[in-house]
2 protein chains.
Amino acid sequence: MARTGRPRIFDRDEAVVQAMLLFWEQGFEATSLLQLRAVMGDISAASFYAAFESKEALYKEAVERYMNTFGRVTKSFSDLALSPKEAIETTLRSTAKMQTDSAHPSGCLIVLSATTCSSKNNHIRDIAAEKRKLTRNRLQDCIRRAVDTGELPASTDIHMLTTVFDTFMQGISTQARDGVPFETIDQAITKFMEIWNLVRHSA
Amino acid sequence: MARTGRPRIFDRDEAVVQAMLLFWEQGFEATSLLQLRAVMGDISAASFYAAFESKEALYKEAVERYMNTFGRVTKSFSDLALSPKEAIETTLRSTAKMQTDSAHPSGCLIVLSATTCSSKNNHIRDIAAEKRKLTRNRLQDCIRRAVDTGELPASTDIHMLTTVFDTFMQGISTQARDGVPFETIDQAITKFMEIWNLVRHSA
DNA sequence: TTAATTATATACTAATCGATCCATAAATCA
DNA sequence: TGATTTATGGATCGATTAGTATATAATTAA
């Protein structure tokens, strides 16, 4: 059952991807409708608003698309086939690798695209902030699992340790934006992960 | 010898501070001239452009002001009265304390206010990026000093270790923006700093 | 063939953007 | 006093912002 009406001249799915890349590079507020429509296939304003409700609605779609593609690098947090330590280390290395890939904007869209914005757009900031919270929760679950299975001592301060790893992970975005190469970040991760063994033997 | 001409009706110095706070909160592009003029004492457009050359020039002044006030928390990197480890630990704790102070915007202006911007404004991004580079260099000098004095082994990878601490420090900005309280970050710093001893005994 | 549906192109809106012009006010200097 | 200097208020600039109105084109369903 094909849908009725005049067919869309552009690929909506591909348009979302291109919009995502632009939001990733420039952030929400710095990206204009004119720029968006250009990269989305030189579509008209009418076509844009017919296919997407608003700039904000498109941003939400772009964020979701990011989470389901590039943002998947943090999925290892929830990989029960890995030990918690392996899960975190894998996530950090995948994150660094992805964020320094020159095939797309550097850093993380969720961390960079809307951390600052005008007061009237605080609800925009919340869109990405919510995703950061979700990721942090999965990191925390991963650490909790390590405590539950005895890999880390029962005395471990889960909240504190989550902050240690979350802080480092978010810092990778700025490092990547500033051009620090993957190899350097990767070596830094190797050193950073040694914290795990310290926690392990701090009972 | 008082200067000639009609006296300025607003406090230029205080106006820069208020502009700095607004750039800090909202970022460069999200902050409009209208908002700036409002917080700078409800000054007119003519007064603004007479006292400051442009929005960009004001931003540069605001960045300098930040570096000479709130940004001073990283000065400990260069405090030779402290051991390198103390210098870094002091800087991290001061940074966390400052960035979570509710008396002003959270996080770091240098990290947050211009990491993303429209393509035409890439030179704006460079203003803050240059400051991040300077801070990183002072952190690196601090670590180099530890190697030179023998506090860290001669085999230490200074570049890598600088990345470890710089990444964590920059991550504090997003943590602060997301409302993580000082106490939590402070405890995370305690755990994070244990890396130092690992490097010390990794010869 | 006609109706219904959907997307299109084009023109346009009101608001805001950073920045400028100009006449005038308020100070010092001679 | 009168000349010089600087800052002011207020109007305005062209460009750009996100978003809309309208008429038409292109498809499917009946």
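Protein chains get the first letters and strands the later ones, always in sequence-line order, with residue 1 at the start of each. Because only heavy atoms are used, hydrogens play no part in the values below, and waters and symmetry mates are left out as well, while side chains stay in.
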Residues A:Asp13 and A:Arg65 bridged, charged N to O under 4.0 Å: yes
Calculate the interatomic distance between B:Lys120 atom NZ and C:dG18 atom P; express it in whole Å. 9 Å
Got A:His159 and A:Thr162 here, is their nearest side-chain heavy-atom distance under 4.5 Å? no
When you match B:Ala46 and B:Phe28 each to their closest nucleotide on DNA chain C, which lands nearer the 5' end? B:Phe28
Minimum-distance nucleotide to B:Arg3 side chain [options: C:dA19, D:dT8, D:dA7]: D:dA7
Flag the pair A:Leu82 / A:Ser76 as yes when at least one side-chain heavy-atom distance between them is below 4.5 Å, and no otherwise. yes
Nearest-nucleotide pick for B:Thr4, side chain only, options being D:dT20, D:dT4, D:dA7: D:dT4
Among the candidates C:dA9, C:dC17, D:dT8, find the nucleotide nearest to the side-chain atoms of B:Ala50. D:dT8
Rounded to the nearest Å, what distance is computed from the CG atom of residue A:Leu33 to the P atom of nucleotide D:dA18? 5 Å
Would you mind classifying the nucleic acid contact of A:Ser118 as base, sugar-phosphate or nothing, using non-hydrogen atoms under 4.0 angstrom? nothing
To the nearest Å, how far apart are A:Asn121 CG and C:dA15 P? 18 Å
B:Lys55: which residues meet the side-chain hydrogen bond (donor to acceptor under 3.5 Å, both in side chains) condition with it, sequence neighbours left out? none
Nearest to the side chain of A:Tyr49, heavy atoms from C-beta on, is which of D:dA7, D:dA18, C:dA11? D:dA18
Measure from CZ on B:Phe10 to P on C:dA25 and round the result to the nearest Å. 20 Å
DNA chain D nearest-nucleotide lookup for B:Gly5 and B:Ala51: closer to the 5′ end is B:Gly5
What is the distance from CZ of B:Phe48 to P of D:dG9, rounded to the nearest Å? 15 Å
Would you indicate which nucleotide in D:dT28, D:dA7, D:dT8 comes nearest to any side-chain atom of B:Ser47? D:dT8
Rounded to whole Å, CG of A:Leu34 lies from C1' of D:dA18 at a distance of 11 Å
With a 4.0 Å cut-off on heavy atoms, is B:Ile9 in touch with a base, just the backbone sugar-phosphate, or nothing at all? sugar-phosphate
To the nearest angstrom, how far is B:Phe23 atom CZ from C:dG18 atom P? 9 Å
What's A:Ser44 touching, base or sugar-phosphate or nothing? Going by heavy atoms closer than 4.0 Å. base
Could you state the atom-to-atom distance from CZ of B:Arg37 to C1' of D:dT8 in whole Å? 12 Å
Is the shortest side-chain N to carboxylate O distance from B:Glu56 to B:Lys60 below 4.0 Å? yes
Closer than 4.0 angstrom, basic N to acidic O: yes or no for B:Arg145 and B:Asp148? no
Minimum-distance nucleotide to A:Pro7 side chain [options: D:dG9, C:dA11, D:dA26]: D:dA26
Looking at C:dA19, D:dT8, C:dT6, which one has an atom nearest to any side-chain atom of B:Lys55? C:dA19
Quick one: does B:Arg6 reach the base of C:dA25 with a side-chain donor-acceptor pair under 3.5 Å? yes
